[in-house]
Amino acid sequence: QVQLVESGGGLVQAGGSLRLSCAASGRTFSTLGMGWFRQAPGKEREFVAAIDWGGGITGYADSVKGRFTISRDNPKNTVYLQMNSLKPEDTAVYYCAAGRPGGLSAIYDYWGQGTQVTVSS
């Protein structure tokens, strides 16, 4: 079992930055593919970014490419999402997910509880 706990959400003005963190339990973190997803009110959950088990391969949704950066620290069992140049349309609950295989095509079996990000205009 893997438990995921997100933190770092909050209220920020448009153009600002936030860094989300996702702390994972368990000894298998370094073998897992990790992803960030988000869900805005009235919309379906959507993919934001993913990173492979070693941190060397990343992928992003077109809407965040060039503004968001996903990274991971395996010894700390933590994955991050650095969000810059935030826009009001980035407002959503952000979820961390973990799965296998450990690449970008992971099937995400484990999900965090989510953290709210609100961007004011």
Side-chain angles (χ1 to χ4, degrees):
Q1 275 286 359
V2 177
Q3 292 185 328
L4 304 172
V5 179
E6 301 99 333
S7 61
L11 174 64
V12 64
Q13 288 189 334
S17 298
L18 281 174
R19 188 175 82 154
L20 305 183
S21 299
C22 173
S25 66
R27 301 179 181 180
T28 61
F29 178 77
S30 62
T31 69
L32 299 171
M34 300 296 297
W36 286 97
F37 292 75
R38 66 186 182 186
Q39 187 167 20
K43 295 187 177 181
E44 293 189 353
R45 188 175 297 187
E46 65 175 2
F47 168 78
V48 175
I51 189 166
D52 76 326
W53 65 273
I57 303 174
T58 57
Y60 298 92
D62 287 344
S63 59
V64 307
K65 211 171 281 186
R67 299 188 298 122
F68 290 12
T69 302
I70 187 172
S71 62
R72 66 190 296 162
D73 187 334
N74 284 346
K76 293 185 178 180
N77 276 20
T78 303
V79 64
Y80 305 98
L81 185 67
Q82 178 66 43
M83 305 186 295
N84 298 329
S85 302
L86 283 161
K87 304 175 182 180
E89 51 263 45
D90 294 318
T91 295
V93 177
Y94 283 71
Y95 297 91
C96 173
R100 294 184 176 89
L104 298 189
S105 59
I107 298 173
Y108 295 106
D109 293 322
Y110 306 102
W111 295 82
Q113 82 288 350
T115 186
Q116 177 70 46
V117 171
T118 302
V119 184
S120 63
S121 57

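Numbers here simply count residues along the sequence, with the first being 1.
By the 4.5 Å heavy-atom criterion applied to side chains, Tyr95 and Gln39 are counted as neighbours. Residues Met83 and Val117 have side chains in contact (heavy-atom distance under 4.5 Å, counting atoms from C-beta outward). Side-chain contact between Cys96 and Trp36: present, with at least one pair of heavy atoms (C-beta onward) separated by less than 4.5 Å. The shortest side-chain heavy-atom distance between Val2 and Phe29 does not fall under the 4.5 Å cut-off. Annotation: side chain of Asp73 is in contact with side chain of Pro75 (closest heavy-atom distance under 4.5 Å).
Here the straight-line distance linking atom CH2 of Trp111 with atom CZ of Arg45 works out to 5.0 Å at 0.5 Å rounding. Met34 CE to Asp52 CG: the interatomic distance, rounded to the nearest 0.5 Å, is 12.0 Å. Rounding to the nearest 0.5 Å gives a distance of 8.0 Å between CG of Leu81 and OG1 of Thr69.
In this structure, the side chain of Tyr60 engages the main chain of Ile70 through a donor-acceptor pair within 3.5 Å. Under a 3.5 Å cut-off, the side chain of Thr91 and the backbone N or O of Val119 do form a donor-acceptor pair.
For Asp90 and Lys87, the salt-bridge test fails: no basic side-chain N is under 4.0 Å from an acidic carboxylate O.
For Thr31, the side chain to side chain contact (heavy atoms under 4.5 Å, CB included) criterion is met by Thr28, Arg100, not counting sequence neighbours.
Relative orientation of the Phe47 and Phe37 rings is perpendicular, given thresholds of 30° and 60° on the angle between their planes.
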Result block: side-chain N/O donor-acceptor pairs under 3.5 angstrom for residues 7-26, not counting sequence neighbours:
residue	atom	partner	partner atom	Å
Ser17	OG	Asn84	OD1	2.9
Ser25	OG	Gln3	N	2.9

